[in-house]
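The structure displayed is predicted, hence computed values, not measured ones.
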Amino acid sequence: MAQVSRKRKETMGGAADAADLERLRRDLDAAEAERADAVRAQTDLTERRDDVLASEDVAQLEAHETAVAAVERRVAVAETKCTRLAGEIEDAEAEAEQARRRASYRQAEKALAEARTIIVEEYAPAAKALAEILRRASKLRDVVFEANKFLPADAEPLSVQLEPVFDGKLYRGLEGRTQTVEYYVNRKTGLRAGPYDCPMLHSERDKWIRHEETIELPLPRLPAVEHRSVISFTNLPGVEGPDSYIYAAPFWGSPRFND
């Protein structure tokens with residue numbers, strides 16, 4: 001195979017292009033067809049030898065043996081040609097694959113250089129700008145946190161959700177739940193029974209009217225999974241080393257403790 005490879009490089013001048021490879025494959029197809037035809041002829045002559053011997057004709061036998069020798073040479077030449085062409089095709093395919101890999105490698109080198117430039121010249125400034133935006137929003141949210149600690153009378157706590165869409169999770173199956181409750185109303189005053197009234201006593205029943213009402217149960221104040229703010233969940237590594245962060249979260253998927 002090494003000799004075939006060297007001979008191919010000498011005759012073809014190095015790497016074969018697609019046209020050279022296609023020509024080699026056509027030549028191999030023709031050589032294999034020639035070999036198959038020669039083998040069939042050789043088989044026919046072998047099967048006829050007994051008939052030739054039975055003729056007891058020396059001249060006919062000599063002609064038959066000459067034909068056998070000729071077809072054996074034909075088979076040998078065809079097999080040698082097939083072996084050579086198969087080796088050249090294998091080498092050409094390997095060289096074509098190497099050429100493809102070299103081209104891919106050169107393209108990857110360019111992509112690597114471009115990607116490194118993007119990280120240094122585009123990512124780092126953009127990440128710093130984004131970090132500044134998040135810090136500004138965080139300081140404003142801190143104002144809301146502080147106000148919620150000391151609420152005015154009858155004021156509800158302000159939401160600290162800055163994003164327009166809630167991305168936490170509510171408790172499942174609680175929406176739309178209802179409960180039927182009963183209560184009693186005084187016939188004369190129209191007031192509901194208080195904690196010290198006893199409308200269930202037999203002596204009091206004539207004073208009260210029983211009512212039923214279906215009410216919707218309130219949802220829990222806290223969701224099953226809290227809303228995850230971009231302020232607390234954004235993680236922007238730096239480019240100066242493994243411990244360099246432009247805007248760091250303590251670990252992925254969890255809120256940062258220090259903004």
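Taking a 4.5 Å side-chain heavy-atom cut-off between Ile, Leu, Val, Met, Phe, Trp and Tyr, the cluster of Leu45 extends to Val68, Val71. Here Val52 is tied into one hydrophobic group with Leu53, Leu61, each link being a pair of ILVMFWY side chains closer than 4.5 Å. Tyr196 belongs to no hydrophobic cluster with other residues, because no ILVMFWY side-chain heavy atom falls under 4.5 Å from its own, directly or through intermediates. Grouped by direct or indirect side-chain proximity (heavy atoms under 4.5 Å, Ile/Leu/Val/Met/Phe/Trp/Tyr only), Trp208 sits with Tyr184, Met200.
Qualifying salt bridge (Lys or Arg N to Asp or Glu O under 4.0 Å) partners for Glu97, counting only residues two or more places apart in sequence or in other chains: Arg100, Arg101. Partners of Asp44 according to the side chain to side chain contact (heavy atoms under 4.5 Å, CB included) rule, which considers only residues two or more places apart in sequence or in another chain, are Glu47. With sequence neighbours excluded, no residue satisfies side chain to side chain contact (heavy atoms under 4.5 Å, CB included) with Ala126. Phe145 is linked by a ring pair (Phe, Tyr, Trp, His ring centres under 6.0 Å) to nothing, counting only residues two or more places apart in sequence or in another chain. Partners of Arg116 according to the salt bridge (Lys or Arg N to Asp or Glu O under 4.0 Å) rule, which considers only residues two or more places apart in sequence or in another chain, do not exist here. Under the salt bridge (Lys or Arg N to Asp or Glu O under 4.0 Å) criterion, Arg74 pairs with Glu34, Asp37, sequence neighbours left out. Every residue was checked against the salt bridge (Lys or Arg N to Asp or Glu O under 4.0 Å) condition with Glu114, not counting sequence neighbours, and none meets it.
Between Arg136 and Glu132 there is no salt bridge, since no side-chain nitrogen of the basic residue lies less than 4.0 Å from a carboxylate oxygen of the acidic one. Taking 4.0 Å as the cut-off between side-chain N and carboxylate O, Glu146 and Lys149 count as a salt-bridged pair.
With contacts defined as side-chain heavy-atom distances shorter than 4.5 Å, the pair His211/Val185 qualifies. Within the 4.5 Å cutoff, side-chain heavy atoms of Cys82 are placed close to those of Leu28. Between Pro237 and Ile246 there is no side-chain heavy-atom pair separated by less than 4.5 Å. For the pair Ile89/Arg25, a side-chain contact is recorded, criterion being any heavy-atom separation below 4.5 Å from C-beta on. Under the 4.5 Å side-chain criterion, counting only non-hydrogen atoms from C-beta, Val230 is in contact with Glu163. At a threshold of 4.5 Å between non-hydrogen side-chain atoms, the residues Pro199 and Glu204 do not count as touching. Residues Arg205 and Cys198 fail the side-chain proximity criterion, which asks for heavy atoms closer than 4.5 Å. No side-chain heavy atom of Val120 sits under 4.5 Å from any side-chain heavy atom of Thr117.
Taking NZ of Lys139 as the reference point, atom CG of Leu134 lies at 12.5 Å (rounded to 0.5 Å). Here the straight-line distance linking atom CG of Asp167 with atom CZ of Phe233 works out to 8.0 Å at 0.5 Å rounding. For the atom pair Leu151 CG and Leu158 CG, the distance stands at 7.0 Å (nearest 0.5 Å). Atom CD1 in Ile133 sits 10.5 Å away from atom OG1 in Thr234 (nearest 0.5 Å). Taking CG of Leu162 as the reference point, atom CD1 of Ile231 lies at 4.5 Å (rounded to 0.5 Å). The line from CG of Asn186 to CD1 of Ile209 is 8.5 Å long, rounded to the nearest 0.5 Å.
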> Please walk me through it: do Glu212 and Tyr183 pass side chain to side chain contact (heavy atoms under 4.5 Å, CB included)?
Replying inline: CA-CA 6 Å; Glu212 284 188 352; Tyr183 60 93; over 6 Å; no
>> Run Ser104 and Glu109 through side chain to side chain contact (heavy atoms under 4.5 Å, CB included) and show every step you take.
In response: CA-CA 9 Å; Ser104 176; Glu109 286 179 320; over 6 Å; no
> Given the rule in the side chain to side chain contact (heavy atoms under 4.5 Å, CB included) test, do Glu79 and Val75 qualify, once you have shown the distances and angles that lead to the verdict?
Replying inline: CA-CA 6 Å; Glu79 288 181 345; Val75 170; 3.7 Å; yes
> Could you go step by step and tell me if Glu95 and Arg102 meet the salt bridge (Lys or Arg N to Asp or Glu O under 4.0 Å) rule?
Replying inline: CA-CA 10 Å; Glu95 179 61 26; Arg102 286 192 294 270; 3.0 Å; yes
> What do the steps show when you test Leu85 against Glu88 for side chain to side chain contact (heavy atoms under 4.5 Å, CB included), and what is the final call?
Replying inline: CA-CA 5 Å; Leu85 289 171; Glu88 290 185 4; 4.2 Å; yes
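Residue pairs satisfying the side chain to side chain donor-acceptor pair (under 3.5 Å) criterion with at least one member in residues 55-64, sequence neighbours excluded, are listed as follows: Ser55-Gln60.
Grouping the Ile, Leu, Val, Met, Phe, Trp and Tyr side chains by contacts below 4.5 angstrom, directly or via other members, places Leu130 with Ile119.
Nearest heavy atoms, Leu236 versus Tyr123: C-OH, 3.7 Å. For Gln161 against Ser159, the heavy-atom pair with the smallest separation is N-OG, 3.1 Å.
With Thr46 contributing its side chain and Gln42 its backbone, the two residues share a donor-acceptor pair below 3.5 Å.
Heavy atoms of other residues, nucleotides or ligands lying less than 6.0 angstrom from CZ of Arg48 number 12 at most. Taking a 6.0 Å sphere around CD of Gln107, one finds it holds 12 or fewer heavy atoms contributed by other residues, nucleotides or ligands.
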